[in-house]
Amino acid sequence: MSRISQLSRTDWFGPLLATLLAILVVRGFSETFLSPYNIQILLLAIAVNALIAFSQMVIIAIGQMNLSVGAIGGLAAITFAGAMEVWGLPAPLAVMLALGVGAACGAMNGALIRITGISAFVITLATLSIFKGINLGLTEAQPFYGIPEGVKAFGNATILGIVPLIFVPTLLVSIALWYMLRRLPVGRFILAVGSNEHAAELSGISVTATVVIVHVLSGVIAAIAGILLVARLEIGQPSIGDDWLILSFAAPVIGGAVLAGGHVSVSATLLGVVIVAVITQALVLFSIDPFLVQVVLGAMILAAVGLNRLRAHQPVSGAG
Amino acid sequence: MSRTRFFLSNEFGLVLLIAVFAAIFGLAATGFLSPFNLFTLGRNAAVNIMIGLSMMSVIVTGGLNLAIGAMGVSAAMFAGWLIEGVGVPWPLALAGGLACGAGLGFINGATVVRSGLHSFIITLATMSIFFGVMIFLTRAESYRDLPAVFSDFGRMKFAGYVSPLLLVTLATALVLAWLYRRTVTGREMLAAGAQPGAAELSGIRVGRMVILCHMLSGVLAAMAALMLVARNGAAIPSMAGQLGQDWLLLAFLGPVLGGTLLQGGKVSVLGTVLGAFLVTMLQSGLLMLQIGAFWVQTFLGLMLLIAVLLDKARRAYLARRNLA
């Protein structure tokens, strides 16, 4: 009994139950849901959406928000595609360049927030517009079509016919993030700054360095998501990232992240992504109107924040 | 008010900027001061100012409203459906659209108050819900067979270049200024935003005020969208972009440039009007200078950044001189 109540206090237990329940219910209604082809489609969606969610999650960890996640991802995506088409750079160099752009955008966000002391909301709203504007200014809203065959092949390759190859970078990022937040000093600094900035400062943590590092991390993860999308779509779309805002908040919030900061979980966020993907897929399988996906996504955010609040009100006993 | 303080006020700075840019654009871009361009400038400003006022009315409470675009478009589509689907006469349909805006605002406000969560996450969710339901119900189709009154009103000109839409917006701004300055409700809204705890203790029903502010925001968003309908001659689901996100930057630019505090409790209607007008003028001027339509968004972002930095420097200066 106490084992169960202990489990129920972990971040991933609730989302895991919800995920299993969702999978069982959808499987009950649809034979094709767990077919290899469908699983592959699910994993494709999860691979990119998980990175989008992580990019926001690390910022939520320090109690801020980043509206420019999609703009950074889009700018990195067209940098990657443009560098290969216009400059003829080999793909690995183009990847480095795109990651560099993501890191630079993130560093700009973090530095501006710390130097000016203005809220992350206003700063990232402004940089959202700046990054998106640069994207449109460079591309004039025209996609890059000249993606090398190797990159296209990477975007469509699978391991054993089921797991898409682009799932591998996502897995590596997940493990690295989990390790960082759990075991590395910088990860603990991030959570400390998120739960109480003032106390963290007094205990000798450099808040400025931590905030800038987190924003660089967010930018790099968003850039990886953009690069993977280019590989998968086989085209450098300037509109990549336009619809990331809600996606980026949905999964961490469903996974129980506290928006005030100091408390995030990589595994629970990943499960949040899975829940969103399964439900979106179910709507398609049951040929429910695709327009309703937006409604369901919004309703899920509301339900999740409501549940998190209820959980926070329960008296805490035993190990948390 | 001392003279230094007046010259350091936000509103004065904005008037100065508007004058400077009007002179630059007037000299550099041929046709900027032509009656036709002044007419379109005024018409665009009417919509942008209304969007800014809609955000301002929620910022008063210390919250924000990401769903403005989704609410406005939903309300306008509802009015379009009333006319084309039900056959309601257009004045009633307009009232229906505004009521729809107020209703959506009530949903936002009531959810924020009841859940006790920050309006950011609530309106992020409702933005997705409102827009999704609207697109589902309309099948993403526009209402194009609206009565000629709409497009006539959008095309009408007073004295050669003044759009009646601009007059509607200015009248709305005057009403809002009167609300916040002279009425008990307005003062209570500001008090609830400045110090919710203290306001509650002095007998103000803070929850009710927050809901009212959100409803006001919904009505103003609906007005902005109905003006767009008059300008386009049709109610189009995509007129505020995917999920209504295109309005987001515009909505914040006006109030933030105008010196409305994001923490709530302080409001400047005149500042918001001037701020949104400056933004519209810059948009139009940059387009006429042929700097490239695609770069305009970058300039607007840079402007928001510079504006908040200048405002911070101004406040620091005032604080040092013990003027504020």
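Excluded from the calculations below are hydrogen atoms, water molecules and symmetry mates; all remaining heavy atoms, backbone and side chain alike, are included. Note on naming: letters A, B, ... go to the chains in the order of the sequence lines (proteins, then strands), and numbering restarts at 1 for each one. The structure displayed is predicted, hence computed values, not measured ones.
Nearest heavy atom pair, residue B:Leu305 against residue A:Ala126, reads CD1-CB, 3.8 Å. Scanning all heavy atoms of the two residues, the minimum distance from A:Phe249 to B:Leu124 falls at CB-CD2, 3.5 Å.
Shown here is B:Phe21, whose CZ atom has no more than 12 heavy atoms of other residues, nucleotides or ligands within 6.0 Å.
For the set A:Gly298, A:Gly117, A:Ala250, the entry with the most heavy-atom pairs within less than 4.5 Å of chain B is A:Gly298. Between chain B and the options A:Ile118, A:Val293, A:Val296, A:Asp242, heavy-atom pairs under 4.5 Å are most frequent for A:Ile118. Of the listed residues (A:Leu125, A:Ile130, A:Ile301), the one with the most heavy-atom contacts under 4.5 Å to chain B is A:Ile130. Across A:Leu128, A:Ile246, A:Leu245, the residue that shares the most heavy-atom pairs under 4.5 angstrom with chain B is A:Ile246. Highest contact tally toward chain B, considering only A:Val122, A:Leu67, A:Thr139, is held by A:Val122 [criterion: heavy-atom pairs under 4.5 Å]. Of the listed residues B:Leu304, B:Val296, B:Val256, B:Ile129, the one with more heavy-atom pairs under 4.5 angstrom with chain A than any other is B:Ile129.
A:Ser129 contributes no side-chain N or O that, together with a main-chain N or O of B:Leu300, makes up a donor-acceptor pair within less than 3.5 Å. Side-chain atoms of B:Ser128 never come within 3.5 Å of backbone atoms of A:Val295 as a donor-acceptor pair (strictly under, hydrogens ignored).
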Q: Please step through side chain to side chain contact (heavy atoms under 4.5 Å, CB included) for the pair B:Trp295 and A:Ile134, ending with a clear verdict.
A: CA-CA 7 Å; B:Trp295 288 103; A:Ile134 294 175; 4.1 Å; yes
Q: Would you sort out whether B:Ile122 and A:Leu302 count as a side chain to side chain contact (heavy atoms under 4.5 Å, CB included), showing the intermediate values?
A: CA-CA 7 Å; B:Ile122 299 290; A:Leu302 277 188; 3.8 Å; yes
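Residue A:Met300: no heavy atom, backbone or side chain, is found under 4.5 Å from chain B. Interface residue A:Ala141: backbone and side-chain heavy atoms are both found under 4.5 Å from chain B. Only the side chain of A:Leu112 comes within less than 4.5 Å of a heavy atom of chain B; its backbone N, CA, C and O stay farther away. With a 4.5 angstrom heavy-atom cutoff, A:Val253 touches chain B only via side-chain atoms. Of the atoms belonging to B:Leu66, it is side-chain heavy atoms, and not backbone ones, that fall under 4.5 Å from chain A. Heavy atoms closer than 4.5 Å to chain B are found nowhere in A:Asn135, neither backbone nor side chain.
Residue pairs satisfying the ring-ring contact (aromatic ring centres under 6.0 Å, His included) criterion with at least one member in residues 240-259 of chain B, sequence neighbours excluded, are listed as follows: A:Phe121-B:Phe252.
Proximity to chain A at a heavy-atom threshold of 4.5 Å picks out B:Gly132, B:Val133, B:Ile135, B:Phe136, B:Arg139 from residues 130-139 of chain B, in numerical order.
Rounding to the nearest 0.5 angstrom, the gap separating the CD atom in B:Gln245 from the NZ atom in A:Lys132 is 10.0 Å.
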